[in-house]
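So that the names make sense, note that chain A is the first sequence line, chain B the second, and so on, each numbered from 1.
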Amino acid sequence: MLDIKTVRDQTEIIVAALKKRGENTELLERLLKLENERRDILQIVENNRQTRNSLSQEIGKLKKEGKDAEEALTQAKAVSDEISAQENTLRDLEAKAMQLLLMFPNITHESVKEGRDESDNTEIRVWGSKPEFSFEPKNHWDIGEDLDILDFERAGKISGARFVISKGAGARLERALINFMLNLHTKENGYTEILPPVLVNRESMTGTGQLPKFEDDLFKLEEDSKGLLLIPTAEVPVTNMHRDEILLEENLPIYYAAYTPCFRREAGSYGKDTRGLIRQHQFNKVELVKFVRPEDSYNELEALTANAEEVLKRLGLCYRVVSLCTGDTGFSAAKTYDLEVWFPAQGKYREISSCSNFEDFQARRASIRFKRQGKKGTEFVHTLNGSGLAIGRTVAAILENFQQEDGSVIIPEALRHFMGIDRIVKK
RNA sequence: GGAGAGAUGGCCGAGUUGGCUGAAGGCGCUCGCCUGCUAAGCGAGUGUGCGAUGAAAGUUGCACCGAGGGUUCGAAUCCCUCUCUCUCCGCCA
């Protein structure tokens, strides 16, 4: 959420930010108009409340002394009626202004390149080398089905399109990846492991920015089941752990790592990645979340990205880091690095992790603040998160990159301890 | 699902015949004093948000006692709805 003061007093900053993202300013004008009305009526209400309060106090005093309070009483009643009418309009205006304010995307960081879409993103660095094959590499879904470790067909029967059943060594590979990633982040990178709920309320979804704008992307339960929503990422429950809290500076930074299944409607992605593990309604992910002091957040973003990269390095997967341009940066983020892993069968890099600094955007929505040592008042923390990594896509990358001519797949060294085997072969 | 109890400031805990209570008291914390260390002691201060004023310290207005409504001139205190927590019973992994 944007700071309403900035919107009001430094409107030009907001206008410039919206233009960079390729958004128009029509909403902004509506918001400014509402905000002005809100402030006008607020002032009137507060003045009247002051009058009422002093009259009430006077009445109390008069009654205690046994004097006649008739005159003050009629006066107070009149003011009070006025107030309740004004409070209604105020409430209405506040709700409308808030509703609008929640629709504005974050302001991107100055280091983010201006651009329209992913074609304007900047490649920052490449790690590893693409594997070379003496044969035509297969798609991961063919590999998986041939090895009988992925079953898309039966998943379609029991759930529908964009679901998969992992079986045997495939299921074990998922579990191995979860363990490997969590161990790395908790034992070596300093994150605290969290296993959060995957059903959350609307406040949580609003706190991290999924609501109100992206309701169509979410799965939700019926109203008589409390209207809970399935998380699209562990970012939601984990960031909201500290919603409406005031943290202490000495407890920052806070690092959490969470494994959860994630659920996405994938509305509007018809025809995209219809086969394979890339785009599923349900997938597993290990997510990294940080709460940090504002002055540290950009260093923390680099460190977070490095933590996610370490997973790919240890798996020996070739990848590149891409800095997203303004038009491709997500709604809540100020700056995002995508990690893209090489997929030989498709002949291209595909996103496997997205690491973002949200600055105070989520903190303001979710009211996550901190108190500096020896200083009065509070400030909003900066929040960050990144996948570390998406498990399904990692499985896909491993299958494609380490496939052998005989159809078997070599297990990366780092996973063998968890897998108990060094190769998946056809039975 | 049935029956009951409760939700107050960083924590504990007063306050429920409505009115100088933003909230007693204690703990904790901060600053100062004192004590050759430690402990104890003394003094002052110590919530959040949105405004006004001021260079700043500060002064000041309004709101907030789980959330939202209502009654009233006035509510932490009365009424309604919701949420959460706890106890007992039932049911279930």
Side-chain angles (χ1 to χ4, degrees), chain A residues 1-10 31-32 34-102 195-207 221-229 237 240-252 254 261 291 360 363-381:
Chain A
M1 184 164 70
L2 300 177
D3 180 9
I4 189 66
K5 269 188 239 166
T6 312
V7 174
R8 209 194 302 133
D9 304 332
Q10 294 164 273
L31 177 63
L32 284 171
L34 273 176
E35 175 62 10
N36 278 334
E37 289 176 44
R38 185 189 72 84
R39 281 167 59 83
D40 287 348
I41 192 102
L42 180 65
Q43 207 162 37
I44 297 170
V45 169
E46 288 200 345
N47 283 337
N48 279 335
R49 282 205 273 234
Q50 193 181 352
T51 314
R52 182 194 64 190
N53 288 349
S54 54
L55 277 171
S56 290
Q57 220 168 57
E58 201 184 310
I59 292 167
K61 209 181 287 175
L62 287 173
K63 284 202 168 173
K64 206 172 252 176
E65 293 165 1
K67 291 182 186 156
D68 176 43
E70 258 325 298
E71 195 184 330
L73 217 66
T74 27
Q75 253 185 71
K77 175 121 186 75
V79 184
S80 195
D81 287 344
E82 226 175 293
I83 290 173
S84 50
Q86 289 161 344
E87 279 179 339
N88 282 337
T89 37
L90 180 65
R91 248 201 303 272
D92 192 48
L93 284 169
E94 278 174 349
K96 278 183 182 155
M98 181 53 76
Q99 225 175 330
L100 266 183
L101 192 59
L102 288 172
L195 189 61
V198 298
L199 288 171
V200 302
N201 55 33
R202 300 187 71 86
E203 287 72 33
S204 296
M205 288 292 189
T206 307
L221 303 192
E222 301 289 340
E223 273 313 311
D224 58 7
S225 304
K226 302 185 177 185
L228 291 169
L229 302 107
N240 277 283
M241 278 171 64
H242 294 299
R243 172 150 51 86
D244 295 322
E245 290 187 11
I246 298 172
L247 306 168
L248 299 174
E249 183 181 21
E250 56 262 40
N251 294 333
L252 298 179
I254 297 172
F291 300 82
D360 64 5
R364 185 171 268 115
R365 287 180 163 240
S367 185
I368 308 169
R369 293 168 290 169
F370 79 106
K371 201 187 248 312
R372 284 194 198 267
Q373 274 167 319
K375 264 198 160 184
K376 283 198 87 157
T378 59
E379 291 174 52
F380 289 109
V381 300

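Look at A/Lys77 and you won't find any side-chain N or O under 4.0 angstrom from OP1 or OP2 of B/G74. Side-chain nitrogen and oxygen atoms of A/Thr378 include at least one within less than 4.0 Å of the OP1 or OP2 phosphate oxygen of B/G49. Taking side-chain N and O atoms only, A/Arg39 has no distance below 4.0 Å to OP1 or OP2 of B/C50. An OP1 or OP2 oxygen of B/C64 is reached within less than 4.0 angstrom by no side-chain nitrogen or oxygen of A/Arg49. Here A/Ser80 reaches the OP1 or OP2 of B/G74: one of its side-chain N or O atoms lies under 4.0 Å away.
Without hydrogens or angle criteria, A/Arg49 side chain to A/Ile83 main chain gives no donor-acceptor distance under 3.5 Å.
Between A/Glu65 atom CD and B/C20 atom P there is a gap of 15 Å when expressed in whole angstrom units. Atom-to-atom, CG of A/Asp40 to P of B/C62 comes out at 20 Å; the value is rounded to the nearest Å. Across the protein-nucleic acid pair, A/Ile41 atom CD1 and B/C62 atom C1' stand 15 Å apart, rounded to whole Å.
Residue contacts shown for A/Arg91 are limited to sugar-phosphate atoms, with no base heavy atom under 4.0 Å away. A/Arg8 comes within 4.0 angstrom of the backbone, heavy atoms only, and of no base. Among the heavy atoms of the strands lying under 4.0 Å from A/Asn53 are primed sugar atoms or P, OP1, OP2 only; no base atom is included. A/Leu55 comes within 4.0 angstrom of no nucleic acid atom, judged by non-hydrogen atoms across all strands. When heavy atoms are screened at a 4.0 angstrom cut-off, A/Gln50 is found touching the sugar-phosphate backbone but no base atom.
Nearest to the side chain of A/Ala76, among B/C73, B/C20, B/C62, sits B/C73. Of the candidates B/U48, B/G19, B/C50, B/G19 carries the atom nearest the A/Ile59 side chain, counting heavy atoms from C-beta on. Listed nucleotides: B/C20, B/C73, B/G49. Nearest to the side chain of A/Arg369: B/G49.
For the pair A/Asp360 and A/Arg364, the salt-bridge criterion is met [side-chain N within less than 4.0 Å of a carboxylate O].
Between B/U85 and B/C78, the two P atoms lie 24 Å apart (nearest whole Å). If you take atom C1' in B/A14 and the same atom in B/G74, they sit 23 Å apart, rounded to whole Å. B/A76 and B/G47 have their C1' atoms separated by 16 Å, with the value rounded to a whole Å.
Taking the side chain as every heavy atom from C-beta outward, A/Leu199 and A/Leu229 never approach each other to under 4.5 Å.
Side-chain contact check for A/Asn201 and A/Ser204: at least one donor-acceptor pair (N or O, by modelled atom type) lies under 3.5 Å. For A/Asn88 and A/Arg91, the side-chain atoms include at least one donor-acceptor pair closer than 3.5 Å.
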